[in-house]
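None of these values were measured; they are calculated from a predicted model. Convention: sequence-line order gives letters A, B, ...; per-chain numbering from 1.
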Amino acid sequence: MDFKEIEKKWQKRWQEAHAFEPDVGRGKKFFLTVPYPYMSGSLHIGHGRTFTIGDIIARFKRLEGYNVLFPMAFHVTGTPVLAIADAIRNGDEKVLTLYRDYLRIYESDEKRVEELLRSFVEPENIANYFAEKAIEDFLSMGYSIDWRRKFNTAEPIYNRFVEWQFKKLYEKGVIKKGKYPITFSPVDGNPVGEDDIADGDTDKVSIMEFTAIKFGYEDGYLVAATLRPETIFGVTNLWINPEGEYCKVHVNDEIWYISREAAEKLKYQKEGVSVEKCVPGTYFIGKFAKEPVHGREVPILPAEFVDVDNATGVVYSVPAHAPYDYQALEDLKKDAAYMKKFNLSEEMVKKIEPIKIIDIKGYDMPARDICKKMGITNQNDPRLEEATQVIYKDEFYSGVLNEKCGEFAGIKIKEIKDEVKTWLKNMGRGDVFYETSRKAVTRNGHKVIVAVLQEQWFIDYSQKWWKELGHKAVERMLFYPEKYREMMHGIIDWLNRRPCARKRGLGTRFPWNKEWIIESLSDSTIYMAFYTVAHIIRGSNIKPEQLTEALFDYVFLGIGTLEEVSEETGIPIDVIEKMRSEFTYWYPNDQRHTAPAHMSNHLAFFIMHHTAIFPEEHWPGGITLNGLMIREGAKISKSKGNVIPLAHISSRYGVDLFRLYCAVASDLDTVMDWKESEVASLRRRFERLATILEESLNSETLAEKNHYDRWLLSRFYRRYSESIEMFRGMRIRDAMLNMLFHFMNDLRYYEKHAGEERRKKIVREIMEDWLKILTPVIPHLTEEFWHRLGHESFISLETLSPPREEYIDLQIEREMEYVDNVIEDIREILEVARLQPTKIYIYTAPDWMWKVFDAIKNATPKDAMRLAMQSGVDVNKGEIAKFVKRMLKEKIQYITLNEQKVLEREKDVIEREIGAKIEINAEYDPKHKRSLALPLKPAIYVE
RNA sequence: GCGGGGGUUGCCGAGCCAGGUCAAAGGCGACAGACUCAAGAUCUGUUCCCGUAGGGGUUCGCCGGUUCGAAUCCGGCCCUCCGCACCA
């Protein structure tokens, strides 16, 4: 069979017939979405898993009789394609090579490749080209998508929709403006994300908030930074790096003294910062500054451990609780020459004693204790970092501020930290200084600092009413796997304010400030609603400017009147009515299927924005998720060179085979490994299926049914019925394993007993039902056979037949199981006893045993003996007791069965399997085996 | 750090949520046999250990607990994977 030809044929026929373009109002509906892909390149098999599962769900829902809408669009919002276009314009060889490779997936003419590549200097061209190719890819995968509704997120009509969304959010009071710290590259003049930072993916850079504490000094403040503001009560001195350079900085109307590096950073963190002059660190050493709490004069001392490029470059010393401070002070006290170098009075330095301000069990003077314990003897010992961590943790969780801390005395550190911070700020002596969690540079080697955006726009998710709505929605939704429900509750709790606009990128301009572009995740939260009307907007030639707030209010929220809206927009009443009815028919989005990576951003926003904007009946119905796809154990990535484009699936593997692999290779929730060896063995299985189906095409059905037929039909319809339930419960893998692997094993078993010819007939008997249950996963093959059977309709649009319960016959299945058990027992005996049989005798249990068995069939082990004795059989009590004990031990499940009859019937089969003659219940019993027989477990004697 | 998973017999991977019928599905691999000139495909059987009669023994990350009984429930420990805000 030419699978490729079959694929193409049916894809074309579906398209020509507009098979998957559903209209409003045909019975119960199901609206399924999968997030649109970002179009910066071609799609590969990793993406393919999610879309394929989505399509399988859509197709199964059609089988169940739903009117299914499965739309798709393209995401082009954001900066990546801009960066790519820039790189191409600048002749970046790596990017050129990458995109040349992408183009060669689709283009065979090298001249055309170069031509297209040159066009990619325009970001829109990249997005448009790959979006167009993605449609081809999706079509070639047999996805049942309604393409009439496609759009991309840079289109004016979509921009209007996003603007509307933001207006709605603004009305709810969740769009806000404020300051926000971000990682930033001063050289590039841009914010930097994880992707822009060298090793950012493996070694994350986070933003640390230091408390800057102002120590009175000359005409201003010497500003020390700390992560432990509560230790201010224990300050004994300040540390300055004598090798560093420090500057006098005007911060609005204040004067700060901080390191040169810190001054540079501060310019990006505060407004009104200017540097007056800089001097060497030595300039300050030996002088005094006033600590802010009591105004004590504390000396400024030299320390090499101070990093001028970390926070303000000024450190205040708390030798009682900070190991670095303790050790630096000890070092200094011992080094007379060093003190002399800086003209420090030895007496003054030696007088400095740690001030203990935190009481904690197990420590006398924490910093000293730990340095002694670890054997640290100088301030350059790298283990000081570890010591600091230990003390910090211990004090944070179990330390209590003591009487030296004024109003904060007696309170645990973890409860008081933030209050001390606020207290200092309110006194005008505390401020915030942001620093990166580690030294970082961009991929181009430019320094990364923390900058504070002064006028950042946010969506404020922190509001209580909103979170409550979010939780309520999550509670009502379907989640599969179920564990993600709890996770989503957690994410909603954690959501805070999120910047929603940036200065660069493609997308929608921010309605209240056109310099800003709405950020790419914030513009993709409720767009499923747009699918319901996109084709009407396009089909009726509605201009972007006609898409007013009033129009969308009417269509999506039912606010206003048709007449008013029609008058305002100039859109005919019937068109607006159509839009409104499309929306109300299709909404809510019943199921959204994607990957778990989207949980904490997109999916959370998806839920939250729906709850803020739409009434409850239009909130999302459910979220289903599938894990990542990897290849031969490795992550799929361009850099690894192990990418298989979706466009190559058809020729390299076959689409149905790929879809089948997606369905059965692993559960939805687990990582799926694309392994060539597994694919190959699945291919054999798939081709075997095709052969079996093909062989039955022209076969007659069975005129009369024997017990083997009844057995097979029973197995089939039981599996069929189970699989429908599995599909409903999103257990796609189990459903398919059942209908394919397990049922094909049944067929093999059947063929062994009933023969090949009969198999062909019985397959013909169940073929329509079999094809239907398989069609969501392997639509092309099933469509082909469906039509070869003479059907005119598309199987893709057929409805499942109800399982034929009348065929499900547990008795017949048990009988076969019984026979198999007998065969297996004989085999085991032959093997263990190493016998070459000449003849085998089988003895079934006597009638009285069956009577007792029947009496105790539902009994608990406790009651069994009593019931057995009361069963009224005329056998000696000891016999009965012995029998009951054996039965309890063997744990034989009760079924009614005439053993002798079944064995007689299957005699030929057993003899063939064993390769020896058998005799049932013969008088001959030389080894007295007959007495070992139990119901359903006959005694066996081999000669 | 915060949050969420997972550790099962050669490998992959079910089962564990609703404890017993679990030596534990299915696939792959391996071995033996049938078919074939041969190979491949297909089919049959075996694949934790012991066993000359259908039996017994030891397993489901480690330690302990609950129970008549635990891969399955509870507690602790070790290891591992994933997500974490301006990035689509």
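- Counting non-hydrogen atoms under 4.0 angstrom, A:L521 reaches a base of the nucleic acid.
- Here A:T77 lies in heavy-atom contact (under 4.0 Å) with sugar-phosphate atoms only.
- For B:U36, there is no paired nucleotide, since no Watson-Crick or G-U wobble pair has both relevant distances below 3.5 Å.
- Using Watson-Crick or G-U wobble geometry with both donor-acceptor distances under 3.5 Å, B:C22 finds no partner in any strand shown.
- Distance from the side chain of A:R684 is smallest for B:G29 among the nucleotides B:A88, B:A53, B:G29.
- Looking at A:T153, its side chain does come within 3.5 Å of a backbone N or O of A:T77 through a donor-acceptor pair.
- Using a 4.0 Å heavy-atom distance criterion, A:S681 is classed as a sugar-phosphate-only contact.
- Pair check for B:U52 finds none; no Watson-Crick or G-U wobble contact set falls under 3.5 Å.
- For A:T670, taking side-chain heavy atoms from C-beta onward, the closest of the listed nucleotides B:G5, B:G26, B:A14 is B:A14.
- Closest approach to the A:N601 side chain among B:C84, B:A88, B:G27 is made by B:A88 (side chain taken as heavy atoms from C-beta onward).
- Proximity note for A:K752 (side chain, C-beta onward) versus B:G45, B:A53, B:A14: the nearest is B:G45.
- Ranking B:U44, B:A53, B:A88 by closeness to the A:Y38 side chain, first place goes to B:A88.
- Counting only heavy atoms from C-beta on, A:E828 has its side chain closest to B:G51 among B:G51, B:G45, B:G29.
- B:C50 sits 36 Å from B:U36 when the P atoms are compared, rounded to a whole Å.
- Comparing the P positions of B:G65 and B:G54 gives a spacing of 35 Å, expressed to the nearest Å.
- Residues A:F51 and A:H47 keep their aromatic ring centres 6.0 Å or farther apart.
- Between B:G10 and B:G29, the two C1' atoms lie 8 Å apart (nearest whole Å).
- Using C1' as the reference atom, B:U67 and B:G83 are 38 Å apart when rounded to the nearest Å.
- Only the C1' atoms considered, B:G61 is 11 Å distant from B:U80, to the nearest whole Å.
- The side chain of A:D825 sits closest to B:G54 out of B:C28, B:G54, B:G45.
- B:U58 and B:C2: their P atoms are spaced 42 Å apart (whole Å).
- When Watson-Crick and G-U wobble pairs are counted only if both distances are under 3.5 Å, B:G1 pairs with B:C84.
- Within 4.0 Å of A:K483, counting heavy atoms only, lie sugar-phosphate atoms of the nucleic acid but no base atom.
- Under the 4.0 Å criterion applied to side-chain N and carboxylate O atoms, A:K675 and A:E632 are not assigned as salt-bridge partners.
- In this entry B:U9 has no Watson-Crick or G-U wobble partner, no candidate having both defining distances under 3.5 Å.
- With rounding to whole Å, A:I840 atom CD1 is found 12 Å from B:G54 atom C1'.
- At the heavy-atom level, A:A665 lies nowhere under 4.0 Å from the strands shown.
- Between A:D460 and A:R498, none of the side-chain N atoms (NZ, or NE/NH1/NH2) sits under 4.0 Å from a carboxylate O, so this pair counts as no salt bridge.
- B:C73 is paired with B:G65 under the criterion used here, namely a Watson-Crick or G-U wobble arrangement in which both key atom distances are under 3.5 Å.
- Proximity note for A:F741 (side chain, C-beta onward) versus B:C28, B:G26, B:C87: the nearest is B:G26.
- Side-chain atoms of A:E519 come within 3.5 Å of backbone atoms of A:S522 as a donor-acceptor pair (strictly under, hydrogens ignored).
- Residues A:E913 and A:I829 both approach RNA chain B. Their nearest nucleotides, taken by heavy-atom distance, put A:E913 toward the 5′ side.
- Rounded to whole Å, the P atom of B:C77 lies 33 Å from the corresponding atom of B:A25.
- The nucleotide whose nearest atom lies closest to any side-chain atom of A:M487 is, among B:G4, B:A85, B:G54, B:G4.
- At the heavy-atom level, A:V81 lies nowhere under 4.0 Å from the strands shown.
- B:G7 and B:G13 are spaced 10 Å apart, taking the P atom of each and rounding to whole Å.
- Remark: A:R685 qualifies as a cation-pi partner of A:F741 under the 6.0 Å distance and 45° angle criteria applied to the six-membered ring.
- Of the possible polar contacts, one joining the A:S696 side chain to the A:K760 backbone as a donor-acceptor pair under 3.5 Å is found.
- Nearest nucleotide to the side chain of A:H75, out of B:A88, B:C12, B:G54: B:A88.
- Place A:R688 and A:R497 on RNA chain B by their nearest nucleotides, and A:R688 ends up nearer the 5' end.
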As a quick check of understanding, evaluate salt bridge (Lys or Arg N to Asp or Glu O under 4.0 Å) for A:R827 and A:E913, giving each step before the final call.
CA-CA 9 Å; A:R827 280 214 178 102; A:E913 289 285 313; 2.9 Å; yes
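- Both distances falling under 3.5 Å, in either a Watson-Crick or a G-U wobble arrangement, occur for no nucleotide opposite B:C16.
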